[in-house]
Amino acid sequence: MKVLNEMKLSFPSRSANEAFARTALSAFTAALDPTIEELADIKTAVSEAVTNAIVHGYREGIGTIYIHAKILEKNRIVIRIRDTGCGIEDVKRAMEPLYTTCTTGERSGLGFAVMEAFMDKVKVRSRLGHGTSVTLEKTILSKGAE
């Protein structure tokens, strides 16, 4: 599918930057003329993926989070959020609702389930010691970007 527009972004894995990532992707997605619900879905999924990278990928340290987003033909957006943190030992298990590696009880283990609920497709790749890549895809049903 032909790429109509794309953007790349990187920032330190600080909690304050989660809102920045959500806002940047919201502005980028605006070109597709999404509904409020579609935009909220994307913002929520991006928030979850970035938060996972901050909390789980880099744990107590600070690393870099990379975002590469593309607008494709037929009102399709693809967003890849990547970290170079600790990686996920068992991706299939990590994607099960309520599973978390957080030992403090502060995390519910619903991040991937939320992403899957709001996006058309979620793909996770990870390698221990090398990081994780989460690809989110959604078709915007409005007609603004045709």
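For the numbers below, each heavy atom of this structure counts, side chains included, while hydrogens, waters and symmetry mates do not.
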What verdict does the side chain to side chain contact (heavy atoms under 4.5 Å, CB included) test give for I42 and I140, after you've listed the backbone C-alpha separation in whole Å, the side-chain angles of each residue and the deciding distance to 0.1 Å?
CA-CA 10 Å; I42 291 168; I140 301 303; 3.8 Å; yes

CD1-CD1 distance between I65 and I54, expressed to the nearest 0.5 angstrom
4.5 Å

On a heavy-atom basis, which atom in I67 and which in A21 lie closest, and how many Å separate them?
CD1-CB, 3.8 Å

Sub-4.5 Å side-chain heavy-atom contact between T35 and L141:
no

Are the side chains of F118 and L136 in touch, meaning some heavy atoms are under 4.5 Å apart?
no

Are any non-hydrogen side-chain atoms of V78 and H68 less than 4.5 angstrom apart?
no

For R76, run the side-chain contact (heavy atoms from CB on, under 4.5 Å) check against D120, L32, V3 and tell me which one passes.
D120

Measure the CD-OG distance between E18 and S47 for me, rounded to the nearest 0.5 Å.
3.5 Å

Write down the atom of I88, the atom of S126, and the distance for their closest heavy-atom approach.
N-OG, 2.6 Å

Heavy-atom side-chain proximity of F11 to V50 below 4.5 angstrom
yes

Rounded to the nearest 0.5 Å, what separation is found between the CG atom of L4 and the CG atom of L72?
7.0 Å

Given V134, which partner from the list R80, R82, M115 fulfils the side-chain contact (heavy atoms from CB on, under 4.5 Å) test?
M115

Donor-acceptor pair, side chain of K123 and main chain of E137, under 3.5 angstrom
no

Mark yes or no for whether S26, through its side chain, and R22, through its backbone, hold a donor-acceptor pair below 3.5 Å.
no

How long is the straight-line distance from CZ of F28 back to CG of L9, given to the nearest 0.5 Å?
11.0 Å

Under the 3.5 angstrom rule, does the side chain of S13 hit a backbone N or O of T64 as a donor-acceptor pair?
no

Any side-chain heavy-atom pair of T29 and E38 under 4.5 Å:
no

Report, as yes or no, whether the 6.0 Å neighbourhood of atom CD1 on I62 holds more than 12 heavy atoms from other residues, nucleotides or ligands.
yes

When you compare the side chains of T84 and Y58, does any donor N or O come within less than 3.5 Å of an acceptor on the partner?
yes

Are I79 and L25 packed together at the side-chain level, in the sense that at least one heavy-atom pair is separated by less than 4.5 angstrom?
yes

To the closest 0.5 Å, what do you measure between OH (Y66) and CD1 (I81)?
14.5 Å

Separation between CD1 (I71) and CE (M7), nearest 0.5 Å, reads 10.0 Å

Smallest separation among heavy atoms of P12 and N17, with atom names:
O-ND2, 2.9 Å

May I ask you to test the T132-V124 pair for a side-chain heavy-atom distance under 4.5 Å?
yes

